[in-house]
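First up is the structure itself, then whatever we jot down about it.
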Amino acid sequence: MSSHFESGATAPGPVTPESDEARGQAGFKRQGTEDSRDCAVNAAQRKFQAEKAATTLIAEAALVGVELAQLADRSWMASRWGLGKTLADMPAVRAWLARLRGRP
């Protein structure tokens with residue numbers, strides 16, 4: 001490498017927005033092509049985790065004799081002994097199930 005500089009070649013200049021080095025470092029030119037697969041995988045993982053959490057909650061409710069169903073507005077309907085109760089979200093369902101089990 002030093003032989004190039006000794007023979008009269010100049011060192012590379014600063015990296016400017018127009019230079020090839022800047023285009024490679026910016027990371028904006030091809031963004032979205034490689035990342036889209038990662039985003040799709042992350043979205044699929046989040047969907048799977050949400051479905052798994054809902055299924056686990058339904059199973060926990062069944063262990064204490066409660067039928068649990070998620071409604072269209074993402075709230076939950078719990079029914080036991082012919083009585084129904086609407087709960088706003090998963091944390092509310094967990095808290096209600098904990099009270100049924102006798103846990104604070």
Side-chain angles (χ1 to χ4, degrees):
M1 186 99 183
S2 63
S3 63
H4 292 291
F5 293 118
E6 291 170 5
S7 66
T10 60
V15 176
T16 62
E18 293 80 23
S19 67
D20 290 335
E21 291 86 5
R23 286 188 203 108
Q25 292 173 358
F28 297 115
K29 295 290 182 185
R30 295 185 186 164
Q31 187 170 358
T33 58
E34 294 298 321
D35 293 339
S36 63
R37 279 180 270 149
D38 294 336
C39 293
V41 169
N42 289 339
Q45 286 175 344
R46 283 192 301 273
K47 182 179 178 186
F48 173 76
Q49 290 171 349
E51 289 173 355
K52 183 178 178 180
T55 304
T56 301
L57 199 58
I58 291 168
E60 289 175 1
L63 290 174
V64 292
V66 173
E67 182 181 354
L68 193 60
Q70 192 167 22
L71 303 176
D73 65 351
R74 308 293 291 165
S75 64
W76 293 85
M77 172 60 76
S79 59
R80 182 179 187 192
W81 300 329
L83 302 172
K85 180 172 182 71
T86 304
L87 300 159
D89 53 11
M90 279 190 179
V93 173
R94 285 189 191 102
W96 186 72
L97 289 174
R99 285 195 304 272
L100 284 179
R101 287 188 220 115
R103 297 179 188 157

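Any value given below was found using the heavy atoms of this structure, including those in side chains, with hydrogens, waters and symmetry copies removed. As the structure is a computational prediction, the values presented were derived from the model and not from experiment.
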Spacing of CZ belonging to R80 relative to CG belonging to L68, to within rounding of 0.5 Å: 12.5 Å

Exceeds 12 heavy-atom contacts within 6.0 angstrom, atom CZ of R101: yes

Cluster overlap L97 with M77, hydrophobic side-chain contacts below 4.5 Å: no

Just list the side-chain donor-acceptor pairs under 3.5 Å for residues 83-92, sequence neighbours left out, or say none.
{"unit_1": "D89", "atom_1": "OD1", "unit_2": "A92", "atom_2": "N", "d": "3.1"}

